[in-house]
Amino acid sequence: MRDVGAGRWRRIVSQIGRSVAVWAVSTLTMLVLAGILPDFQIRSGDGDSATRIAVTAAVGAGAFGLLSALAWPVLVRLLLLVPALVLGLLVFFLNGALLLVALRLTPADRPEAAPETAVVVAAVMSAVASATGAALAVRDDDAYRRRLYRLADRRGTARVFEGPTTPGVVFLQLDGVGHDVLVRAVEKGLMPTVAGWLGTSHRLTPWRTDWSSQTGASQLGILHGTNHDIPAFRWYEKDTGEVMVCNRPTSAAELQRRAVERTGDGGLLTFDGASRGNLFSGGADEQALVLSTALRRRGRENRSRAGYFAYFSDPANAVRTALSFVAEVGREIGQSTVARMRKRRPRIARGGLYPFIRAFATVIERDVVVAAVMGDMLAGRTAVYADLVAYDEVAHHSGPHSRDVEKVLQRLDRSAALIAQVAEHAPRPYRIVLLSDHGQSPGETFRGRYGLGLGDLVRAGCGLPVPRKARRTHSGAEARAAVRAALHRPVEENGGWHVPPGHHSEPLVLASGNLGLISFPDVHHRMTKEEIDARHPALLTTLANHPGIGFVLVRSEEHGGVVLGAHGAEIPVDALDDEHPGPLADFGPGAANAVRRTHSFPHTADIMVNSWYDPAEGEVLAFEEQIGSHGGLGGDQGRPFVMAPLGLTAAVEEGEELVGAEHLHRVLRGWLRECNGPQVPLEVPGDHRVA
């Protein structure tokens, strides 16, 4: 008992000493800022006593520290409905206001600070106080652990951990980082933490996505065990007349509902799990920045905003993140300006709101998600799945192998290192699994290469009007020639485009990376090749023979489904395999199975179009404005990775392949079972994957 009492007193004395040290450093910081900033003055009553000036600074620094500790969390709670992006910008002004209040509590007659100067002073003082506290606490394990709790989540880590000491698992998804990108980053020294794990404790395994190589399909399969009937990132459903988009909250909620209904299980994280920064919840009770639950009323069962409000409740966190946000906006503007001045190719427009969207993904989302994961680990939760989207966002606009993304990979490595460091202070051991949901394939846009988009080409193939600029392109001329040949008559009358007889709704063309989907809304079933040929005789020929298109999938009355390629190639879907791939030859092993599976989906589009792919350069042609894309077949986009500790069973046996997000779900679920995690069925009811 005497030792326990002595230890308690030592901790109290140590805490008092650290608080005094932080106060002293904050006082000194205020004095220095008062000396160098003309609009910030600390004046004592007589105006010339150094002692009084020091006392004024000490009282001001102390008052600011107390207000930050007591009033700041209240202010943040009052802003509960403010989006994270807006809150991240408001922190400067809130912090400056607290400083002005603190100055009014000092003994000086008229301490002065212009409002804009107060913002700067408050930001610097918060950052210095935070850095000082961290430096002093890092040498004291108990103090460091308490600081991590505060940095991670003031509320979420308040629970006392009472449970098994078996390992928990953190699944950290590096969104869009392909297997080969990770390997190259390790070889170049960009990711030393990952390199250290690969050399000692972890095993790296590539896996192959489904045809729809994008986060919606992959993450739904990983977290909920099925991605059945997810043909693309966005698609049209004829039975409801709705366009589904995976990153739209209403669509994400519906897709998650369908997945739970199909599997009969809540998801990978149903047992003491946390979902952070994901499209789907995985059945987790603890959530932050989860899209599928974003529209629900906030309550005990939905904490989608609790994560970032808990994070921003520490003013030092808020200021640091806000400063980084502004710096990232400037970095993007500078990088895009350099790319434009040097006339780099391929290149797309990067103006408008994109710099702010990039900064949110690479700074705010990263900081909030990492802090939430830290809180989950310190709370001893069993399973955590978090998505860091930074690389994917930047690679879309800068390219998956650009210098811009190298900086992002370095920061992702530091995030992984921080999470590993926190694991050392968690109440239970943790196994950290790194994985990705897809990769990205480079290449210019379809429009950039041919002067018209996929929608223009489809309209041309249907004999519908297209923009004059598109008509004058080589592709536009080819499309018009195909229409003339199919209709056996000229298609231009009085300088315009002739529309074939009969009133039909115009085709709806949607793009998901280098995957295009064409639907005819006025026909309430999936059209067949024969029906499409009768309505638009030149359309399928125009698409299949275009040099920017790799292959076309369409339903067939005769064969059930056919894949069309250049020069009249037409292969029944059931006849496709790796030995006889037909138009799929360049897309590698597994392409036939992926196409055949998507063909079986109820909501597959009337016409599915995959862009051209160059296996030598790994390039595709995005139907969207992206120079790093994913969503279809071809290249690195379909080859992500999973990197797990050696103590877990290998994902696949030697010589086998890990194919599909549903397969990966079963692997992750098995690892959780090895760690005494969620007790859920090993088999997914209704799994109709085509072998």
Side-chain angles (χ1 to χ4, degrees), residues 164-175 177-209 218 222-223 268-269 271-274 282 370 373-374 376-377 380-388 409 412-437 439 639-680 682:
T165 56
T166 53
V169 184
V170 173
F171 300 106
L172 190 61
Q173 178 178 300
L174 307 185
D175 203 302
V177 179
H179 174 273
D180 293 349
V181 167
L182 186 80
V183 170
R184 283 194 292 269
V186 167
E187 292 174 347
K188 295 178 70 172
L190 300 174
M191 306 184 78
T193 301
V194 174
W197 291 352
L198 283 177
T200 57
S201 61
H202 282 62
R203 177 190 298 112
L204 180 64
T205 305
W207 66 280
R208 197 165 67 225
T209 68
S218 292
I222 292 170
L223 288 177
L268 186 72
L269 309 174
F271 180 81
D272 191 31
V370 169
V373 171
M374 290 163 54
D376 295 327
M377 297 169 70
R381 295 195 176 94
T382 300
V384 182
Y385 195 103
D387 186 13
L388 297 176
L409 291 170
L412 289 176
D413 186 80
R414 288 196 291 269
S415 296
L418 178 60
I419 289 172
Q421 184 181 14
V422 172
E424 298 175 2
H425 299 271
R428 68 189 299 176
Y430 274 95
R431 292 173 174 172
I432 300 175
V433 176
L434 291 185
L435 73 158
S436 58
D437 49 345
R639 197 166 184 257
F641 72 91
V642 58
M643 193 175 107
L646 296 174
L648 297 173
T649 303
V652 289
E653 297 292 336
E654 188 174 353
E656 295 183 357
E657 283 190 295
L658 180 53
V659 179
E662 294 180 1
H663 187 180
L664 182 56
H665 170 84
R666 294 192 289 272
V667 171
L668 302 190
R669 192 164 50 185
W671 288 343
L672 287 174
R673 290 175 66 89
E674 290 179 27
C675 299
N676 296 319
Q679 302 301 306
V680 292
L682 282 175

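No side-chain heavy atom of R431 sits under 4.5 Å from any side-chain heavy atom of V170. Between C675 and Y430, every side-chain heavy-atom pair lies at or beyond the 4.5 Å cut-off. Using a 4.5 Å heavy-atom cutoff, the side chains of L672 and F171 are in contact. When side chains are defined from C-beta on, S415 counts as touching L388, because their heavy atoms get closer than 4.5 Å. Using a 4.5 Å cut-off on side-chain heavy atoms (C-beta onward), W671 and V433 make contact. Contact of the T209 side chain with the P640 side chain is registered, since non-hydrogen atoms from C-beta on lie closer than 4.5 Å. Using a 4.5 Å heavy-atom threshold, the side chains of R639 and D180 count as touching. Residues L664 and L435 form a side-chain contact, since some pair of their non-hydrogen atoms from C-beta on lies under 4.5 Å apart.
Residues P645 and R203 approach most closely at O-NH1, 4.2 Å, considering heavy atoms. The two residues A651 and V667 have their closest heavy-atom pair at O-CG2, 3.7 Å. Closest non-hydrogen pair, V422 versus M377, comes out as C-CE, 4.4 Å. Of all the heavy atoms in E657 and H663, the pair that sits closest is O-CE1, 3.9 Å. Here the closest non-hydrogen pair linking A274 and D376 is CB-OD2, 3.3 Å. Looking at every heavy atom in both residues, D437 comes nearest to S218 through O-OG, 2.8 Å.
Put simply, CZ on R666 and CD on E662 are 6.5 Å apart, with the number rounded to the nearest 0.5 Å. Atom CD of Q173 and atom CD1 of I222 lie 5.5 Å apart (nearest 0.5 Å). The structure places CG of L182 at 8.0 Å from CG of L409, a figure rounded to the nearest 0.5 Å. Here the straight-line distance linking atom CZ of R428 with atom OG1 of T382 works out to 4.0 Å at 0.5 Å rounding. With rounding to the nearest 0.5 angstrom, the CE atom of M374 is 8.5 Å from the CD1 atom of I419. Atom OG in S436 sits 11.0 Å away from atom CG in L172 (nearest 0.5 Å).
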Apply side-chain contact (heavy atoms from CB on, under 4.5 Å) to the pair M643 and L198, showing each step before the final yes or no. CA-CA 8 Å; M643 193 175 107; L198 283 177; 3.4 Å; yes

Between L204 and F641, does a side-chain contact (heavy atoms from CB on, under 4.5 Å) hold up when you go through it step by step? CA-CA 7 Å; L204 180 64; F641 72 91; 3.7 Å; yes

Is there a side chain to side chain donor-acceptor pair (under 3.5 Å) between T649 and E674? Walk through the geometry before answering. CA-CA 9 Å; T649 303; E674 290 179 27; 2.6 Å; yes

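Side-chain N or O atoms of H202 include one that pairs as donor or acceptor with a backbone N or O of I432 at under 3.5 Å.
Crowding of E656 atom CD: a count of heavy atoms from other residues, nucleotides or ligands under 6.0 Å exceeding 12.
For residues 183-199, the side chain to side chain donor-acceptor pair (under 3.5 Å) pairs, not counting sequence neighbours, are R184-H401, K188-E406, T193-D413.
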